[in-house]
Amino acid sequence: MFKTVEWKNNTVVMIDQTLLPEKEVYRKYKTYTEVAKAIKDMIVRGAPAIGVAAAMGVALGALKTKSSDMKGFSKEFDKITSLMASTRPTAVNLFWAIERMKAVAAANADLGVAGLKKRLVEEALRVHAEDIEICKLIGKHGGKLLKNGTVLTHCNAGALATAGYGTALGVIRGAIEQGKKITVFADETRPFLQGSRLTAWELKKDKIEVTLITDNMAGYMMKKGLINAVVVGADRIAANGDVANKIGTYSVAVLAKEHGIPFFVAAPLSTIDMKIKHGDFIPIEERDASEVTHMKGRRIAPAGIKVKNPAFDVTPSKFVAAIITEKGAVTKPYAKGLKALFTK
Ligand code: MRU
């Protein structure tokens, strides 16, 4: 199996997701600025994987700071975390990971610069290892909610979007490990094609039966009775259960509701932003127009055309049958259920 993000000999190694499925290339990053650019350019993507990469990027930056005293180190450290936080706005795991690294730095100043550097690398490795365990738990809890049949997923919320195993695809993997017979429909996921390039690649590699459809085929498939459940990941979940995920998720949720199909969201607690009360307040990344006007470098729309390219949308919680986390599945009312996750 491939490795999405790894720490190797004081470098960060990541599979270049922009080249998949044609080429499996691993890139080595030696500086935090390179890691920040890799996040921005979506070499690594998917909320939990972005969090892991950011934690490693911060550790890498800390490791290479020049100052020998804590005052100088703190100044350099602030610059590192600020750059990392400027990469992508929607996935809250990025900010969660940066805050975790900052908290470790603040709590361990007494270690001195050399000791703190070591401690920050340890923390980044912990974020990585925990993410895999969390995904497995999400898979275990979520797997129980799926019945034998077909599951539609949108975007890529798999091993490629996490440190391994995946959230939405983790639920599918969990169900299969529990002995269920599951086949997957993968939405292509225009414009960045995470579904066709990444989900289809990853599931095929894992020998999980997958059928690729374009985004506009989902309604037809549901009407035909060919889809039994939907499972997606999330980039940020508001305190009321509204879910930001890849653009197109909202349409799938509305379609699922119309056809009486359960719509599940799988995400770690690090994706839940209790500071955001309602989905309308989640910042939505707007990406470059070229992702819409071009495909593989070839223009597919007239030059000068006006374009909108929001990378995410928000699905109101009323469409969500359950939010599956490492601590179990939460159902309505979400405000109460999500809050309880942080106290138990
Ligand atoms: O723009 P991306 O590819 O980073 O968006 C990814 C998604 O929307 C995923 O569904 C989400 O991050 C969950 S990943 C486990």
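Counting starts at 1 for both ligands and their atoms, following the listed order.
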For ligand 1, is [X] a contact, meaning one of its heavy atoms is under 4.0 Å away?
X      : result
Asn156 : yes
Glu285 : no
Pro48  : yes
Ala234 : yes

Worksheet entry | Contacts of type side-chain hydrogen bond (donor to acceptor under 3.5 Å, both in side chains), residue Lys37, not counting sequence neighbours | Asp41

Practice prompt. For ligand 1, indicate whether the residue Phe192 contacts it via side chain, backbone, both or neither (heavy-atom separation under 4.0 Å).
Written response: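 Within the 4.0 Å criterion, Phe192 makes no contact with ligand 1.
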
Worksheet, complete the sentence: Any heavy atom of Cys155 under 4.0 Å from ligand 1? The part involved is side chain

Look at [atom] and say which protein heavy atom is nearest, naming residue and atom and giving the distance to 0.1 Å.
atom                    : value
atom 10 (O) of ligand 1 : Asn245 OD1, 2.6 Å
atom 11 (C) of ligand 1 : Asp235 OD1, 3.2 Å
atom 14 (S) of ligand 1 : Ala161 CB, 3.4 Å

Fill in: Ala163: side-chain contact (heavy atoms from CB on, under 4.5 Å) partners, not counting sequence neighbours
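For Ala163, the residues satisfying side-chain contact (heavy atoms from CB on, under 4.5 Å) (neighbours in sequence not counted) are Val52, His128, Asp131, Ile132.
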
Worksheet item: Between Lys79 and Glu76, does at least one N-O distance fall below 4.0 Å, as a salt bridge requires?
Response: no

Fill in: Glu177/Lys136 salt bridge by N-O under 4.0 Å criterion
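Looking at Glu177 together with Lys136, the answer is no, because their closest N to O distance does not fall below 4.0 Å.
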
Worksheet item: Would you find more than 12 non-hydrogen atoms of other residues, nucleotides or ligands less than 6.0 Å from Gln178 atom CD?
Response: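 Atom CD in Gln178 is packed in, count exceeds 12.
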
